[in-house]
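Single-structure report; data block below.
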Amino acid sequence: MFFVFGPAGQIYRGGAHQLPQVLAVSGVQRPQALSPHSRPPSPETGAPAHRPGPEPSSAPPMRQMQAAWAYAQTGRVRPKARRPLTQVNDVMTREVFSLPAAMSIQDAWQALRLEQLSQAPVVDARGQVVGLLRRSDMASADLLPDLDGIKRTFAQAHRPITDVMLSPAPTVSDDTDLRRVAKAMLETGLSGLPVTDEAGMLQGFVARSDILRALVADPPLDLWS
């Protein structure tokens with residue numbers, strides 16, 4: 001289930017197919033490739049060559065070996081059954097970073113930089129989602145590096161984020177099928193959606209990176225069945 005929330009509350013509840021009609025959502029820039037944080041692990045070395053041991057007569061009896069193996073198995077924890085990942089609550093980030101609606105653009109830019117985020121949901125004093133702030137919303141393309149552009153930049157920095165955030169903003173419930181979320185991201189151009197209940201209370205965030213991370217996880221992401 002998808003919702004759209006703004007400062008006045010919920011204005012849409014339904015499927016993902018009507019989100020582009022409800023919203024005039026502009027596309028975000030294509031993310032740049034990330035450099036690897038570490039080198040790939042080196043291949044494991046081979047086991048040392050087996051050396052012939054003592055004569056078979058010195059080995060423990062077979063019954064003792066079987067008993068020792070059975071005892072060793074009793075301390076092992078059996079792995080849980082594999083369960084395919086199918087819904088938002090399987091992959092979403094629950095401890096989500098959010099911005100208060102009264103925050104200035106300058107402070108919001110700094111907060112996103114420190115958290116190493118490109119976007120964050122905006123909430124009111126009750127914790128209800130009222131918008132979505134992206135870095136691209138705060139860095140207008142017309143702010144060129146000339147004197148007038150610098151003056152406009154300083155003037156804009158002290159404005160509240162409610163002046164530039166995406167609002168009304170789409171959200172999604174935690175029991176929504178991941179295939180529908182992926183389709184909604186493609187159609188709206190957004191790289192993530194806040195996760196809320198029907199009242200708009202923030203519960204988490206599901207990003208494109210969460211879905212990609214689940215795609216290579218174990219248990220696997222079930223998008224194709």
Once you round to the nearest 0.5 Å, how far does [atom1] of [X] lie from [atom2] of [Y]?
| X | Y | atom1 | atom2 | value |
| --- | --- | --- | --- | --- |
| Asp175 | Asp90 | CG | CG | 11.0 Å |
| Ser118 | Arg135 | OG | CZ | 7.0 Å |
| Ser191 | Leu132 | OG | CG | 8.0 Å |
| Arg159 | Met138 | CZ | CE | 12.0 Å |
| Asp210 | Thr93 | CG | OG1 | 4.0 Å |

- Joint cluster assignment, Trp109 & Met103, ILVMFWY side-chain distance < 4.5 Å: yes

How close do [X] and [Y] get, heavy atom to heavy atom, and via which atoms?
| X | Y | result |
| --- | --- | --- |
| Met165 | Val130 | CE-O, 3.5 Å |
| Arg134 | Leu190 | NH1-CD2, 3.7 Å |
| Thr196 | Val129 | CG2-CG2, 3.6 Å |
| Ser104 | Ala157 | CB-O, 3.8 Å |
| Gly15 | Phe2 | C-CD1, 4.0 Å |
| Pro168 | Val4 | CB-CG1, 3.4 Å |

- Query: Looking at Arg180 and Asp177, does any basic side-chain N land under 4.0 Å from a carboxylate oxygen?
  - Reply: no

- Message: If only side-chain N and O atoms count, and only distance matters, is there a donor-acceptor pair under 3.5 Å linking Thr176 with Gln87?
- Response: no

- Item | Among Val181, Val206, Ile211, the one residue meeting side-chain contact (heavy atoms from CB on, under 4.5 Å) with Met92 | Val206

- Give the intermediate values and the outcome of side-chain contact (heavy atoms from CB on, under 4.5 Å) for residues Leu99 and Ile161. CA-CA 9 Å; Leu99 300 170; Ile161 57 178; 4.0 Å; yes

- Any salt bridge (Lys or Arg N to Asp or Glu O under 4.0 Å) involving residues 92-109? Give me the pairs, sequence neighbours left out, ordered by first then second residue. none

Are [X] and [Y] close enough that some pair of their side-chain heavy atoms sits under 4.5 Å apart?
| X | Y | value |
| --- | --- | --- |
| Ile105 | Val164 | yes |
| Val172 | Phe205 | no |
| Val123 | Gln128 | no |
| Leu178 | Val91 | yes |

